[in-house]
Structures are given as structure tokens and as C-alpha cells.
Amino acid sequence: MVSVDNRWCAVDFLSYESKVHKNVHVIGDSVSAALPKSGHMASSQAKICAAAIVELLSGGQPDPNPVIANTCYSMVSDKEAMHVANVYKYNAEKQAMVAAEGGGVSDKASDIEGIYGRRLGRNIWADVLL
Ligand SMILES: Cc1cc2nc3c(=O)[nH]c(=O)nc-3n(C[C@H](O)[C@H](O)[C@H](O)COP(=O)(O)OP(=O)(O)OC[C@H]3O[C@@H](n4cnc5c(N)ncnc54)[C@H](O)[C@@H]3O)c2cc1C
């Protein structure tokens, strides 16, 4: 299964099907190193992957231009957090997800980002688990 840098799984970013093993779909931290490893990224990839599998099972084709978001907050004290945020768009020429303009990282840790981080966590847990 491992195929990029002898460490990560190479996938078709339209369906997250492995480029090594047909009909095996891979999401999350195992996907090739060019993308950030985060819970938000894993859940964004899961939605693209699930929609693509539904299309493929019903004779259709996956969305040719998927767009996903990643926002990752890290608590740096009991109240303060910092974030990294980017939108990624599929680039057909590179066959890769490429960061769109904008996004970036916090200038400094803050209490308000600590609140945002906990709320993002609650939203993702609700999205994934409920
Ligand atoms: C300290 C830390 C802080 C983080 N903070 C954030 C954050 O603030 N925000 C954010 O978005 N992301 C954060 N992340 C990243 C986030 O946790 C991961 O990117 C995300 O969990 C990846 O999901 P995954 O499903 O790919 O892998 P995992 O969540 O690692 O799930 C893989 C699962 O497979 C199981 N498993 C492994 N081997 C086997 C086996 N042989 N058989 C059966 N099961 C197996 C494991 O036990 C595990 O449950 C953080 C990660 C760490 C380590």
C-alpha cells in the first residue's frame, strides 16, 4: 500500500482510491505527505471519498474539481491556541491538491483562538460521530 517516499499512500485525489491497489480507498494521515495531517483534513477527504464511491457504484464519475478545507487549531496553553488554515483545490495537470491563495497561520496565540479551536473540535466531532 505504501508508495510515496516509501512512507505514504499514493491516491487518486478525485476518489482517494489507492494508485497501488484498485478498489481500496485511503483517507487521513496515511495519504501522501504533501497535504497536512489533521482531523479536519481527514474528515474533508472522507466526504470527497464517500461521494466518489457513491458515484462510481452508480456508474457515474467523481467530481472532477474537488475543493477541501483544512483548519487546525493547536492549544498552546490551557486557554490559548494558534491555527493554520488553507483551502485546497484539485490541479488536474499536477494530479494533486494544491493550496489556494490566502489562508495562513496565526501571528500569535490568543484566548479567542482557544475558543474557536474548541468550537471547531465540537463541530467536527458532531459532524463525524453523530
Ligand atoms: C498531539 C496531536 C495533536 C493534534 N491536534 C490536532 C488538532 O488540533 N486539530 C486537528 O484537526 N488535528 C490534530 N491532530 C491530527 C489528527 O489527530 C490526525 O490528523 C487525525 O486523527 C488523522 O485521522 P486518521 O483517521 O487518518 O488516523 P487516526 O486518527 O490515527 O486513526 C487510525 C486508527 O487506526 C487504528 N489502527 C492502527 N493500526 C491498526 C491495525 N493494524 N488494525 C486496526 N486498527 C488500527 C488506530 O488505533 C487508530 O484508531 C493532532 C494529532 C496529534 C498526535
Side-chain angles (χ1 to χ4, degrees):
M1 179 66 75
V2 170
S3 55
V4 176
D5 298 336
N6 209 24
R7 183 177 290 252
W8 310 105
C9 300
V11 299
D12 173 354
F13 287 103
L14 299 185
S15 65
Y16 289 86
E17 185 179 37
S18 164
K19 287 190 168 176
V20 178
H21 297 288
K22 200 165 167 46
N23 295 325
V24 174
H25 296 253
V26 181
I27 58 167
D29 283 6
S30 301
V31 170
S32 76
L35 292 172
K37 313 298 183 194
S38 79
H40 192 187
M41 186 57 100
S43 74
S44 295
Q45 292 172 352
K47 291 183 174 105
I48 301 290
C49 176
I53 290 171
V54 168
E55 281 298 325
L56 292 169
L57 286 175
S58 52
Q61 288 299 315
D63 176 0
N65 296 302
V67 178
I68 57 176
N70 177 53
T71 309
C72 185
Y73 286 91
S74 294
M75 299 302 295
V76 294
S77 73
D78 60 340
K79 287 194 178 145
E80 295 175 311
M82 304 181 77
H83 81 273
V84 56
N86 275 108
V87 168
Y88 293 86
K89 296 180 174 181
Y90 183 68
N91 181 308
E93 198 177 314
K94 295 180 178 168
Q95 295 191 4
M97 299 301 290
V98 174
E101 278 188 38
V105 298
S106 313
D107 292 332
K108 59 182 175 57
S110 64
D111 287 2
I112 190 72
E113 292 220 26
I115 293 168
Y116 292 158
R118 283 189 285 273
R119 288 188 180 160
L120 179 76
R122 279 203 292 274
N123 281 334
I124 288 186
W125 286 317
D127 190 32
V128 171
L129 300 175
L130 299 181

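All residue numbers in this chain count up from 1 along the given sequence. One-based numbering, in listed order, for ligands and for the atoms of each. Being a predicted model, the structure only gives us computed values, none of them experimental.
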Ligand 1 atoms in contact with [X] (distance to a heavy atom under 4.0 Å):
X   : result
H40 : 11 (O)
G28 : 26 (O)
D29 : 18 (C), 19 (O), 20 (C), 22 (C), 26 (O)

(request) Measure from the side-chain N and O atoms of S106 to the backbone N and O of A109, and report whether any donor-acceptor pair falls under 3.5 Å. (result)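 Checking the backbone N and O of A109 against the side chain of S106, no donor-acceptor pair under 3.5 Å is found.
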
(message) Would the distance check show the side chain of S32 and the main-chain N or O of W8 forming a donor-acceptor pair, the cut-off being under 3.5 Å?
(response)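 No, because the side chain of S32 does not come within donor-acceptor range (under 3.5 Å) of the backbone of W8.
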
(message) On a heavy-atom basis, which atom in A99 and which in N86 lie closest, and how many Å separate them?
(response)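 Between these two residues, the closest heavy atoms are CB-ND2, 4.2 Å.
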
(request) Heavy atoms only: give me the nearest K37-D29 pair and the separation to one decimal. (result)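 Scanning both residues completely, I find the closest heavy atoms to be NZ-O, 3.2 Å.
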
(message) I need the single residue from I68, I48, N91, V31 that forms a side chain to side chain contact (heavy atoms under 4.5 Å, CB included) with F13. Which is it?
(response)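 Exactly one option meets the side chain to side chain contact (heavy atoms under 4.5 Å, CB included) with F13, and it is V31.
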
(message) Applying side chain to side chain contact (heavy atoms under 4.5 Å, CB included), can you list everything that pairs with A85, at least two apart in sequence or on another chain?
(response)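 For A85 the side chain to side chain contact (heavy atoms under 4.5 Å, CB included) partners, ignoring immediate neighbours, are T71, H83.
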
(request) List in chain and number order the residues that pass side chain to side chain contact (heavy atoms under 4.5 Å, CB included) with V54, two or more places apart in sequence or in another chain; answer none if no residue qualifies. (result)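 None.
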
(message) Determine whether any protein heavy atom is located less than 4.0 Å from atom 26 (O) of ligand 1.
(response)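 Answer yes: something from the protein, a heavy atom, is under 4.0 Å.
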
(message) Geometry only, no angles: is S30 polar-contacting ligand 1 at N/O separations under 3.5 Å?
(response)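 For ligand 1, there is no N or O atom that lies under 3.5 Å from one belonging to S30.
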
Starting from [atom], find the nearest protein heavy-atom neighbour and note its residue, name and distance.
atom                    : value
atom 17 (O) of ligand 1 : G39 N, 4.8 Å
atom 23 (O) of ligand 1 : A42 CB, 4.0 Å
atom 8 (O) of ligand 1  : Y73 O, 2.4 Å
atom 9 (N) of ligand 1  : C72 SG, 3.2 Å

